[in-house]
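Reviewing the structure listed below.
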Amino acid sequence: VRVGPQEQNFHIRKALAIHYSGYFRGAFGSDKFKEGETGVLTLPDVDTWVFTIFVDWLCHQELPSRKIWDTRYPCSSPSYPWDGKIIPRCYVFADRFIIPDMTQAVMSYAHISYSECPPWYETITFAFSNMSQNDRFLQLLVDAHCTKWNGDDSEESEGDITSLPAAFLH
């Protein structure tokens, strides 16, 4: 699979991808599509670090514990928070590529993370812009914000606050 604008190559087991992903099943499972014939799929709009997490999940059928997440994935850092950017992007990826088991694993991570602290406004804005209006992940964000928000927006920028979607606020 060639991922991202630079088309970074990832070598994955076709049988695993087809088994767990409806999208890959459609792309690779038939010779009616060029991907089925060539065995190569290009995903230029997918972040390589999200695909790296998918490959890990595909091999182990679980996401790493929070304790080792930051060491395994260099995209995790204080400026790129685990719960703020990684969780919703992994969820969108799993939903887009029809990977229900990964979607559930990411939801479990999100539930744990957002039960400890409310989601970042940037997370909320991203999720509401990239998920269908009735997605259960959006409800999780609303519930977590309502139960965990303490009025302290010190880590959020004014732009993040003012960009909150109307659907979230309602």
Side-chain angles (χ1 to χ4, degrees), residues 1-114 119-138 140-141 159-160 163 165:
V1 181
R2 295 180 182 142
V3 180
Q6 285 76 31
E7 295 189 359
Q8 181 177 338
N9 285 319
F10 286 84
H11 300 278
I12 60 173
R13 296 198 47 96
K14 186 167 121 178
L16 279 175
I18 288 172
H19 178 76
Y20 288 104
S21 167
Y23 182 92
F24 288 106
R25 190 174 310 117
F28 290 133
S30 169
D31 57 3
K32 293 180 182 180
F33 295 101
K34 74 174 183 173
E35 294 85 359
E37 288 180 21
T38 64
V40 177
L41 177 65
T42 303
L43 305 172
D45 61 337
V46 173
D47 289 318
T48 55
W49 58 264
V50 172
F51 202 81
T52 299
I53 293 168
F54 164 65
V55 171
D56 251 10
W57 177 86
L58 195 59
C59 294
H60 304 286
Q61 291 302 292
E62 64 182 14
L63 297 170
S65 72
R66 177 79 188 260
K67 291 177 184 177
I68 63 169
W69 189 278
D70 293 341
T71 58
R72 186 173 290 178
Y73 305 117
C75 57
S76 297
S77 71
S79 64
Y80 215 78
W82 175 80
D83 54 347
K85 293 187 178 183
I86 296 172
I87 291 175
R89 281 162 177 76
C90 288
Y91 183 87
V92 167
F93 175 87
D95 185 57
R96 174 182 168 190
F97 292 100
I98 315 167
I99 313 166
D101 292 347
M102 184 178 174
T103 303
Q104 185 57 45
V106 175
M107 269 301 278
S108 295
Y109 259 60
H111 180 73
I112 292 166
S113 178
Y114 303 140
W120 292 52
Y121 293 151
E122 180 183 351
T123 300
I124 294 165
T125 302
F126 172 84
F128 274 82
S129 297
N130 290 281
M131 297 176 195
S132 65
Q133 198 171 20
N134 59 351
D135 197 292
R136 61 192 178 132
F137 193 93
L138 300 181
L140 174 64
L141 294 176
D160 290 335
S163 69

**OP:** Would you check if V92 and F137 make a side-chain contact, meaning some heavy-atom pair closer than 4.5 Å?
**Re:** no
**OP:** Tell me, please, which residues at least two apart from T38 pass side chain to side chain donor-acceptor pair (under 3.5 Å).
**Re:** none
Subject >> Least distance between heavy atoms, I18 atom then R25 atom >> reply: O-NE, 3.0 Å
Original post:
Shortest non-hydrogen contact from L16 to L58?
Top reply: O-CD1, 3.8 Å
Subject >> Heavy-atom pair of closest approach, residues I124 and P165 >> reply: CG2-CD, 4.1 Å
Original post:
Taking side chain as C-beta onward, heavy atoms only, is L43 less than 4.5 Å from Y23?
Top reply: yes
**OP:** Provide the full list of salt bridge (Lys or Arg N to Asp or Glu O under 4.0 Å) pairs with a residue in residues 6-23, sequence neighbours left out, each pair given once.
**Re:** none
Subject >> Minimal non-hydrogen separation, A110 against L140, with atom names >> reply: CB-CD2, 3.6 Å
Original post:
Which pair of heavy atoms, one from D135 and one from M131, lies closest together, and at what distance?
Top reply: CB-CB, 4.1 Å
**OP:** For the residue pair I87 and T123, establish whether any side-chain heavy-atom pair is separated by less than 4.5 Å.
**Re:** no
**OP:** Search all heavy atoms of E35 against all heavy atoms of F28 and return the closest pair with its distance.
**Re:** O-CD2, 3.4 Å
Side-chain donor-acceptor contacts of residues 93-104 below 3.5 Å, not counting sequence neighbours, with atom names and distances?
unit_1 : atom_1 : unit_2 : atom_2 : d
R96    : NH1    : D45    : OD1    : 3.4
R96    : NH1    : D45    : OD2    : 3.0
R96    : NH2    : D45    : OD1    : 3.2
R96    : NH2    : D45    : OD2    : 3.2
T103   : OG1    : I99    : O      : 2.9
Q104   : OE1    : R136   : NH1    : 3.2
Q104   : OE1    : R136   : NH2    : 3.2

**OP:** Only counting residues at least two apart or in another chain, list the ones meeting side chain to side chain contact (heavy atoms under 4.5 Å, CB included) with Q8.
**Re:** F10, T48
Subject >> side chain to side chain contact (heavy atoms under 4.5 Å, CB included) involving H11 - partner list, sequence neighbours excluded >> reply: N9
Subject >> side chain to side chain donor-acceptor pair (under 3.5 Å) against N130, all qualifying residues, sequence neighbours excluded >> reply: none
Original post:
Between OH of Y20 and CZ of F54, what distance do you get to the nearest 0.5 Å?
Top reply: 10.5 Å
